[in-house]
Amino acid sequence: MARHLITSAIPYINGIKHLGNLIGSQLPADLFARYQRARGNDVLFLCATDEHGTPAELAAAKAGKPVADYCAEMHKVQADIARRFRLSFDHFGRSSSPQNHALTQHFAGRLAENDLISEVSERQVYSIADGRFLPDRYIEGTCPNCGYDKARGDQCENCTKQLEPTDLIDPRSAVSGATDLEVRETRHLYLRQSALKDALNDWIDSKTDWPVLTTSIAKKWLHDGDGLRDRGITRDLDWGIPVRKGTEDWPGMEGKVFYVWFDAPIEYIACAAEWAEANGLTEADWQSWWRTDKGAEDVRYTQFMGKDNVPFHTLSFPATIIGSGEPWKLVDHLKSFNYLTYDGGQFSTSQGRGIFMDQALELLPADYWRWWLLSHAPENSDAEFTWDNFQASVNKDLADVLGNFVSRITKFCRSKFGEAVPSGGQTGAEEAAVVADLSERLDRYARFMEAMEVRKAAQELRAIWVTGNEYLQSVAPWTGIKSDPDQAAMQTRFALNLAHLFAVISAPFVPDASAKILTSLNVLEPIWPADLQEFLYTLGPDHPFTVPDVLFAKITDTQVEEWQARFSGGQSRKGAEGEAEALS
RNA sequence: GGCGUUAUAGCUCAGUUGGUUAGAGCGAACGACUCAUAAUCGUUAGGUCCCUGGUUCAAGUCCAGGUAACGCCA
């Protein structure tokens, strides 16, 4: 039995994610996890909320709540939506957990011992009124280049010129509008990633089976310009993991916290510790997934993420792990996705553009979204969501091809033979041909799923559904029953077993529909078809079943028009990044 | 500005290391069937593979230059 450790990029805490976020990491990760479980493998599938940093603080302030309370609430909201999308996390953790505090401090300590941490003095803008240092993007002022009065400290959005906060004319705090700003000296820790450049390069070179998208991004960061740069791992904030060297104080770092990018990926590990605690397991149990000296040498670790997250997962996080000198598991396979676009532009949290997870579920059940998103996953390039395409795909694939097949065969059987699998007849050449065809297709489907070729897997799965309709159309039991009832009974029995097959193998894509079909067919313990020939005899004569309700209602033109208007962009969820409107 | 990705049928996309008449699904037209969610199944039509030039016996595929779209720039 293979062991699969699977993590999805962890979503930021400050609001509900949109469909682009969903298909970029969590959903394909779930598909893979469900598939591996269905094949009988041992799976630990982890995800969490990424809770630290300035956006969380500001979102909490806006909501008028202490940041810890805000994060706890938003974590529940996100967990609930994930559950409703049937994301089958073994644990949905929090980067603010005690486990992550301890591990982050531990890693920092190890890195310091290995001389991979340096201390750098920096000058940063401090807002006296706010009582805090301001990150560059939270300073606003007039652009010295074009005169735009809402330029940010890192860049002017009007003329796109890159700026330093000190370039701004009449700078003010974007948090409070305060103008009493000053530049203060502050000391920060840097991770000396540059010292690990060769180690990282060798490691990435050893990954010959990674997607081009992944390696090209990693290589660019490694070799572009001056090469891999050292990165600050601390910030002058209140909300975060206090800077400590393992369990000891870190002189000169009092009152500072780790920068969110440093502690967030460590949550992948800490989340396993949270999982163990939540399930009454021991440290040895979770370490058997993460420590190659404690049982994880046979674990295959796969990460899922959007392309914007690739540098962190190929360089920064591995630098932390390699730099620790301890035998933690490094990622084996890394599956990255491009963006889903909406009406030609990006989905945007800050501009409220596109469809958000909670809104999607108000319109239609999870399976509809899961199927469309997965079968159109932005694997090789950006993919575009349009309502017309969504309607056409879902109606055709789910309602007409799969749903209608289950409906037609169960109803036919009920009307001619009653609600039990009919007996009589012997399978012949026609059925043997279907078995041969399906065996080949099932094999391809499995290979695509193993390789995480999501779109191709969906395409193959759909072709398998079509096989069922082809078979019925070809043998036409509704005609044959008049002259040879035994033959028609056998054909009906065979087709009911096909419905069973479809339910079992479709579960990773459309878990709810799959469960409904299995319930109707009275199958309590679905088992993946190892031997197809044998599997298609699972439902034998007299096995009772019921006709399921309509599995997938079609999306009407009226609905599409209404939704198109409602989500025409910018109206549904306006506001700056970090707003808590999603909570209401 | 630098860099990256992409460009194939009306639409959404496949096209392995260069190798016959460039493929699939949807949509369209026509036909078959009537068990089924007016669903299904079959047949057919539809392409200057963004442009220009180059390498080669052979280029959708490799190289150079251009054009356009999208993205990233810590």
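Each chain gets a letter, A, B and so on, in the order its sequence line appears, and its residues count up from 1.
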*A:N469 side chain, from C-beta outward: closest of B:C35, B:C41, B:A39*: B:C41
*Look up atom CZ in A:R235 and atom OG1 in A:T54, then write down how far apart they are to the nearest 0.5 Å.*
7.5 Å
*asked:* So A:V406, base contact, sugar-phosphate only, or nothing? Heavy-atom distance under 4.0 Å.
replied: nothing
*Using a cut-off of 4.0 Å on non-hydrogen atoms, how would the nucleic acid contact of A:N404 be classed: base, sugar-phosphate, or nothing?*
base
*Stem regions touching RNA chain B, defined by at least 3 consecutive Watson-Crick or wobble G-U pairs below 3.5 angstrom*: B:1-7 with B:67-73, B:10-13 with B:23-26, B:28-32 with B:40-44, B:50-54 with B:62-66
*Mind checking the C1' distance from B:U48 to B:U52? Whole angstroms is fine.*
13 Å
*So what does A:A553 hit on the nucleic acid, given a heavy-atom distance under 4.0 Å: a base, only sugar-phosphate, or nothing?*
nothing
*asked:* Using a strict threshold of under 4.0 Å (side-chain N to carboxylate O), is an ion pair present between A:R441 and A:E460?
replied: yes
*Nearest nucleotide by nearest heavy atom, which residue falls closer to the 5' end of RNA chain B, A:S415 or A:D308?*
A:S415
*Rounding to a whole Å, what distance do you find between A:H376:NE2 and B:C26:P?*
12 Å
*Charged N-O contact under 4.0 Å between A:D443 and A:R447*: yes
_Side-chain ion pair, A:R187 and A:E119, N-O less than 4.0 Å_ = yes
*Of the listed nucleotides B:G71, B:C35, B:G42, the one nearest the side chain of A:Q473*: B:C35
*Near RNA chain B, under 4.0 Å by heavy atom, which residues of residues 480-512 of chain A?*
none
*Nearest-angstrom distance from the residue atom NZ of A:K396 to P of B:A38*: 12 Å
*Find the distance between CG (A:L237) and CZ (A:F133) and round it off to the nearest 0.5 Å.*
10.0 Å
*Rounded to the Å, how far apart are A:E384 CD and B:C26 P?*
21 Å
*For the pair A:W387 and A:F567, name the ring-plane relationship: parallel under 30°, tilted 30 to 60°, perpendicular over 60°.*
tilted
*Decide, applying a 5.5 Å centre-distance limit and a 30° plane-angle limit (both strict), whether A:W478 stacks on B:C35.*
yes
*asked:* Strictly below 4.0 Å: does A:R462 bring a side-chain N or O up to OP1 or OP2 of B:A24?
replied: no
*Taking for each residue the nucleotide of RNA chain B bearing the nearest heavy atom, is the 5' side occupied by A:T479 or by A:D397?*
A:D397
*What's the closest nucleotide to the A:K554 side chain, out of B:C41, B:C26, B:A39?*
B:A39
_Reported CG-to-CZ distance for the pair A:L402 and A:R462, which is rounded to 0.5 angstrom_ = 10.5 Å
_Rounded distance [0.5 Å steps], CZ in A:F262 versus CD1 in A:I266_ = 4.0 Å
*Base, sugar-phosphate, or nothing for A:I409, non-hydrogen atoms under 4.0 angstrom?*
nothing
*Distance, rounded to the nearest Å, where A:F312 contributes CZ and B:C72 contributes P*: 13 Å
*Does the gap between the ring centers of A:W371 and A:F552 come in under 6.0 Å?*
no
*NA contact type, A:F405, heavy-atom cut-off 4.0 Å: base, sugar-phosphate, or nothing?*
nothing
*Does the side chain of A:S25 pick up a donor-acceptor pair with the side chain of A:K335 at under 3.5 Å?*
no
_Test: A:D400 and A:K554 ion pair at under 4.0 Å_ = yes
*Rounded distance (Å) that lies between atom P of B:C13 and atom CG of A:N338*: 11 Å
_Nucleic acid contacts of residues 426-457 of chain A, taken as heavy-atom distances under 4.0 Å to RNA chain B_ = A:R455, A:K456
*Tell me: CD of A:Q193 to P of B:A74, nearest whole Å?*
14 Å
_pair A:F502-A:W465: side-chain heavy atoms closer than 4.5 Å_ = yes
*Between A:K411 and B:A39, does any side-chain N or O lie under 4.0 Å from OP1 or OP2?*
no
*May I have the distance from A:E470 (atom CD) to B:A36 (atom C1'), rounded to whole angstrom?*
17 Å
*asked:* What is the separation between atom CH2 on A:W372 and atom C1' on B:C11, rounded to the nearest whole Å?
replied: 12 Å
*Is the number of heavy atoms from other residues, nucleotides or ligands within 6.0 Å of CZ (A:R123) greater than 12?*
no
